[in-house]
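Accompanying notes for the structure given below.
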Amino acid sequence: MAYVTHHTFICILGSIRMIEKNLFALSESIDDNEKWITLLSSYLERADFVEFNILYDSTNLHPELEALKSDLIEEGERTDKIYASGVFRRYMIKDIMKDFILSKPYKSWNNYHFEDLSLIKDGTEILATITQKNYVFAQLTEEERKELNEQGFEFGELQEFKK
């Protein structure tokens with residue numbers, strides 16, 4: 001079953017045309033890493049920041065996570081995320097972060113030290129995950145949703161979002 005938040009996003013393209021964007025849920029499992037990388041790559045190019053929920057003690061990080069420390073912007077608690085679960089970390093998106101994110105298949109984020117990846121643009125989550133539930137949410141226009149579905153994705157119809 002597909003879900004979507006009750007939030008509607010309006011994007012201004014140029015100075016004249018307005019396009020409505022909604023947060024659609026992927027109604028399939030992301031077992032195909034190629035599809036995950038395709039989706040993720042396009043959103044990484046648009047995002048300003050990446051956020052992760054912290055599953056384990058953030059003072060005892062894996063070496064690969066320590067390498068990202070210089071790009072850390074903020075650590076704290078937020079309740080306005082699609083899936084807020086305690087402490088989050090926000091990072092700048094530089095090449096080292098992109099490489100790190102793209103190096104992991106979707107299923108590798110579940111129960112990893114950092115999980116529930118969210119990509120942020122202009123203060124809004126444009127791509128968000130709830131890894132233990134295998135949920136992926138993407139901010140899309142109806143046309144973008146249709147194009148992705150033609151490529152084999154299954155972004156569902158608009159429905160109420162349920163956490």
Side-chain angles (χ1 to χ4, degrees), residues 1-14 17-55 68 71 73-74 78-86 88-95 97-112 114-163:
M1 176 174 268
Y3 301 98
V4 69
T5 67
H6 59 279
H7 301 288
T8 300
F9 304 94
I10 303 296
C11 291
I12 299 175
L13 297 178
R17 196 167 148 221
M18 293 187 72
I19 294 181
E20 185 175 301
K21 289 200 174 202
N22 293 294
L23 196 59
F24 288 95
L26 193 60
S27 56
E28 64 181 309
S29 171
I30 292 280
D31 291 329
D32 180 347
N33 194 51
E34 189 174 316
K35 285 171 86 173
W36 169 241
I37 296 299
T38 297
L39 185 64
L40 188 57
S41 295
S42 92
Y43 280 87
L44 270 171
E45 293 306 314
R46 295 183 240 169
D48 300 321
F49 307 105
V50 61
E51 287 185 4
F52 303 97
N53 287 335
I54 306 300
L55 186 60
L68 304 170
D71 295 328
I73 297 170
E74 180 181 5
R78 265 184 41 170
T79 57
D80 62 341
K81 287 180 58 130
I82 289 171
Y83 185 65
S85 95
F88 80 95
R89 279 188 155 205
R90 177 182 286 189
Y91 290 87
M92 290 184 286
I93 298 181
K94 293 184 178 175
D95 287 341
M97 179 58 76
K98 287 180 186 177
D99 292 344
F100 166 69
I101 292 169
L102 292 169
S103 74
K104 299 205 173 307
Y106 179 77
K107 62 185 177 184
S108 294
W109 292 104
N110 189 30
N111 290 322
Y112 182 66
F114 286 7
E115 63 177 4
D116 306 324
L117 175 143
S118 292
L119 296 175
I120 314 295
K121 175 73 177 171
D122 298 326
T124 300
E125 292 176 274
I126 59 172
L127 184 77
T129 64
I130 305 174
T131 53
Q132 82 255 17
K133 293 185 179 184
N134 204 20
Y135 291 166
V136 176
F137 301 93
Q139 188 185 93
L140 301 165
T141 64
E142 185 59 38
E143 185 62 31
E144 289 168 331
R145 181 180 79 88
K146 182 180 175 189
E147 287 172 15
L148 283 171
N149 286 351
E150 287 171 357
Q151 294 174 34
F153 290 90
E154 295 176 21
F155 282 99
E157 298 293 330
L158 291 175
Q159 294 185 22
E160 184 66 23
F161 172 65
K162 299 174 184 175
K163 289 186 182 179

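Just so it is clear, the structure is predicted and the values come from calculations on it, not from any experiment. The chain is numbered in sequence order, starting from 1.
For the salt bridge (charged side-chain N to carboxylate O under 4.0 Å, His left out) test, no residue two or more places apart in sequence or in another chain qualifies with Glu147. With sequence neighbours excluded, the residues satisfying side chain to side chain donor-acceptor pair (under 3.5 Å) with Asp71 are Lys94. Remark: Glu51 pairs with Arg78, Lys81, Arg90 by the side chain to side chain donor-acceptor pair (under 3.5 Å) rule, at least two apart or across chains. In terms of the ring-ring contact (aromatic ring centres under 6.0 Å, His included) criterion, residue partners of Tyr106 (sequence neighbours excluded) are, by chain and number, Trp36. In this view, Phe100 and Trp109 satisfy the ring-ring contact (aromatic ring centres under 6.0 Å, His included) rule, not counting sequence neighbours. Residues satisfying the side-chain contact (heavy atoms from CB on, under 4.5 Å) criterion with Ile37, sequence neighbours excluded, are Asn33, Ser41, Leu102. For Thr129, there are no side chain to side chain donor-acceptor pair (under 3.5 Å) partners at least two apart in sequence or on another chain. In this view, Lys98 and Leu44, Glu45, Ile93, Asp95 satisfy the side-chain contact (heavy atoms from CB on, under 4.5 Å) rule, not counting sequence neighbours. With sequence neighbours left out, the side chain to side chain donor-acceptor pair (under 3.5 Å) criterion links Tyr43 to no other residue. With sequence neighbours excluded, the residues that form a side-chain contact (heavy atoms from CB on, under 4.5 Å) with Ser108 are Lys104, Pro105.
Between the side chains of Glu125 and Tyr83, no donor N or O sits under 3.5 Å from an acceptor N or O.
Between atom CD1 of residue Ile130 and atom OG of residue Ser118 there is a gap of 8.5 Å, rounded to the nearest 0.5 Å. Going from atom NZ of Lys146 over to atom CD of Gln151 covers 13.0 Å, rounded to the nearest 0.5 Å. Atom-to-atom distance recorded for Glu143:CD and Leu148:CG is 10.5 Å, nearest 0.5 angstrom. For the atom pair Gln139 CD and Asn22 CG, the distance stands at 8.5 Å (nearest 0.5 Å). Here Phe88 contributes atom CZ and Glu74 contributes atom CD; the two are 4.0 Å apart, rounded to the nearest 0.5 Å. A distance of 7.0 Å separates CG of Leu39 from CG of Leu26, quoted to the nearest 0.5 Å.
Ile73 approaches Met92 most closely through the heavy-atom pair CD1-CG, 3.3 Å. The heavy-atom pair separating Leu119 from Ala47 by the smallest distance is CB-CB, 3.8 Å.
A cation-pi contact links Arg145 to Phe24, judged by a cut-off of 6.0 Å to the six-membered ring centre and 45° from its axis.
Looking only at side-chain heavy atoms (C-beta outward), Phe52 and Tyr112 stay at 4.5 Å or farther from each other.
Between the side chain of Asp116 and the backbone N or O of Thr131 there is at least one donor-acceptor pair closer than 3.5 Å.
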Apply side-chain contact (heavy atoms from CB on, under 4.5 Å) to residues Phe155 and Phe137 and explain how you reach the verdict. CA-CA 9 Å; Phe155 282 99; Phe137 301 93; over 6 Å; no
Please step through side-chain contact (heavy atoms from CB on, under 4.5 Å) for the pair Ile120 and Val50, ending with a clear verdict. CA-CA 6 Å; Ile120 314 295; Val50 61; over 6 Å; no
